[in-house]
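So the structure is just underneath, and the comments pick up after that.
Order of the sequence lines sets the chain letters (A, B, ...), proteins ahead of strands, with each chain counted from 1. These values consider heavy atoms only, across backbone and side chains, with no hydrogens, waters or symmetry-generated copies.
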Amino acid sequence: MIRTALLVFKKDLRIEMRSRVLLWQVLPFGVMALLLCGIALGPSHAGNSSAGPGLFYLVTLLVALLMINRSQSVEKTPGTKASVATLGLDPAGVFLGKSLALATELWVTGIILLGGSVVILHTSLHGAILALPSVVVTLAALAVAGTLYGALTSGGDGAATLLPVLALPAFAPLLIAGERSFSAALNHGGIWRWWLILSVALSVYTAIGILLYGVLEES
Amino acid sequence: MTNAVTPTVDLHNAVVLSGGFPLLSGVDLQLLPSSLTVITGANGAGKTSLLRLLAGLVPLSGGSGTVAGFDLANGDLRELRRRVGWLGHEGSFYDDLTVRENLTFAAKALERPLIEIERALQRVGLSNRIDTVTKKLSAGQRRRLGLSWLLIRRPEIWLLDEPYASLDDEARTFFDALIADVLRSGATVVISAHDKLKSEALQPRTIVLGGGRIVSES
C-alpha cells in the first residue's frame, strides 16, 4: 500500500509540475478572489475585520474544488483508466497517494494565500504564523475528503457541479473548525483544541477512504 | 491419448448488461493460447464490450466463463486485470508525463526491472523519443508506446481495441510483425477492428458481431 501510495504521489506531482495548471490557472484565480474580498471589505475595514479567516478559507475552498476536479480528471481519460486498471494497483494506496499529492498542492497554495491575506486583507502576520499548524491539518483533511468525494462524483457528467453539493456536509465542519482556530490564533487564544478536532476528522476521513476508495473506483 | 489444450478464453452464453440494456447477449467463445482473433462489426455491435469483459473491466451479467483460468462469475475482477494487457484506441497513458515517466510508472507498479523500459522501447523503435512528453507524440508513436507498455507487462492475453486506426502502411507492417512475435511466445491476442484484417503475415480467426451476438465466424 505504501509503495503504491508513493508511486501515485510522485506521478501526480510530476503531472502537476509538467502541466503547471496550479501555477498558471489555480493560483492566479485564488489571488484574484482574495483581492476581490479585500475590495469588498474596503481598505479601512479590512485590517480590523474579523472576516479575514473566513474569507481565507472561502477562497481556499474554491481553489480546492478546482484542484480536486483536476486531480480526478487526469485518471478518467477512457484509455488511461482502462490501462491503469489492468496494472492492478492497490486502491488504498492510490487513495493515499492522490490525497498526499493533493494535500501537498493545497499546502503550497494555502501558504501563498495566507501570505496574500496578510498583504491584501491586512491579517496579522503573527496570527497567521500561529494559525499555521491548524491550516496544515485543515488542508490535509480537505485533501483527503476531496479525494474521496472526487472519486464519487468523477464518473458522471457534471462532476464539477456535483462535487461541491455532495461534499459540502464533509467540508463544512472542516472549514468551521479551520476558521475558528485561525480566529483563535489572531486573538491569541488556544488553537490546539481545534487542531485536535481537525486531526480526528483527518484520521476518520483517511480511514474511510482506505476502506471505500476501491468500491468508489469500481462504481 | 490426446493432449487437450485448455482455452485461454472460454465463454458460455455470456451476457453483459449496462443499465438493463444488453451490450452482449448469449456469446459463446473459446480462444486458445497462441491464437489471434479479430472481432469485427458495425459501431455498437459489442466489440469493445467483449474486449472489456475479457479484461475484467465490466462484470459478467449472465452465463459463465473463464479468462486465463479466472472465473468471471465468481471472483475479484482486479485479479483478472493483472493478467491481461489492454491497448485502447484513445491512448493508454498520462499525457503530461514523458515516455520514460509513463513506462517507469507501469514498470514500478508491476515490480519489473527498469532495464525492461529500454528494451521495450528499442523493440518498438521509440528509443529516440524516451524523453518526449506523451501528448507531443503522433498517433503512430502513441500506439508504439502502448505496445511497449504491454511488452513490459508481458500479459497472457493482449486485448487491442482498434489498434490499426490512423496507422500508415509502415506502422501496420511493424505492428503485424510484433503481433506475430507475441503469438509465438504463447500469448493470446484479440483485436477489435471495423473491417477484416488485411494482413499477409497474420492469418487470424475472424468473428463478426452484431447486436451483441456472434453473427458469423471464419
Quiz item: Between B/Arg83 and chain A, which part of the residue has a heavy atom less than 4.5 Å away: side chain, backbone, both or neither?
Solution: neither
Exercise. Answer with side chain, backbone, both or neither: which region of B/Leu97 has an atom nearer than 4.5 Å to a non-hydrogen atom of chain A?
Key: both
Quiz prompt | Gap separating the CG atom of A/Leu87 from the NZ atom of B/Lys108, nearest 0.5 angstrom | solution =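 Spacing of CG (A/Leu87) from NZ (B/Lys108) equals 14.0 Å.
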Practice problem: Drop me the distance from A/Leu89's CG to B/Arg81's CZ, to the nearest 0.5 angstrom. | Solution: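 Going from CG on A/Leu89 over to CZ on B/Arg81, the span is 11.0 Å.
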Quiz item: For atom CZ of B/Arg112, is the number of surrounding heavy atoms from other residues, nucleotides or ligands below 6.0 Å larger than 12?
Solution: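 More than 12 heavy atoms, drawn from other residues, nucleotides or ligands, come within 6.0 Å of this atom.
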Quiz prompt | Close contacts, residues 14-34 of chain A versus chain B, judged by heavy atoms under 4.5 Å | solution =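 So far as heavy atoms go, A/Arg14, A/Ile15, A/Arg18, A/Ser19 are the residues that approach chain B to under 4.5 Å.
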Could you go through residues 100-111 of chain A and list every donor-acceptor pair under 3.5 Å that involves a side-chain atom there, pairing it with any protein atom two or more places apart or in another chain?
| unit_1 | atom_1 | unit_2 | atom_2 | d |
| --- | --- | --- | --- | --- |
| A/Thr104 | OG1 | A/Leu100 | O | 2.7 |
| A/Trp107 | NE1 | A/Val136 | O | 3.0 |
| A/Thr109 | OG1 | A/Glu105 | O | 2.7 |

Quiz: residues 63-74 of chain B side-chain donor-acceptor pairs under 3.5 angstrom, not counting sequence neighbours:
| unit_1 | atom_1 | unit_2 | atom_2 | d |
| --- | --- | --- | --- | --- |
| B/Asp71 | OD1 | B/Ala73 | N | 3.0 |
| B/Asp71 | OD2 | B/Asn74 | ND2 | 3.4 |

Self-check item: Pairs involving residues 87-98 of chain A, ordered by first then second residue, that meet side-chain hydrogen bond (donor to acceptor under 3.5 Å, both in side chains) (sequence neighbours left out)
Solution: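 Non-adjacent pairs meeting side-chain hydrogen bond (donor to acceptor under 3.5 Å, both in side chains): A/Asp12-A/Lys98, A/Glu75-A/Lys98.
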Quiz item: Can any side-chain N or O of B/Arg78 pair as donor or acceptor with the backbone N or O of A/Gly88 at less than 3.5 Å?
Solution: no
Quiz item: Is the shortest distance from a Lys or Arg side-chain nitrogen in A/Arg3 or B/Glu111 to a carboxylate oxygen in the other one below 4.0 Å?
Solution: yes
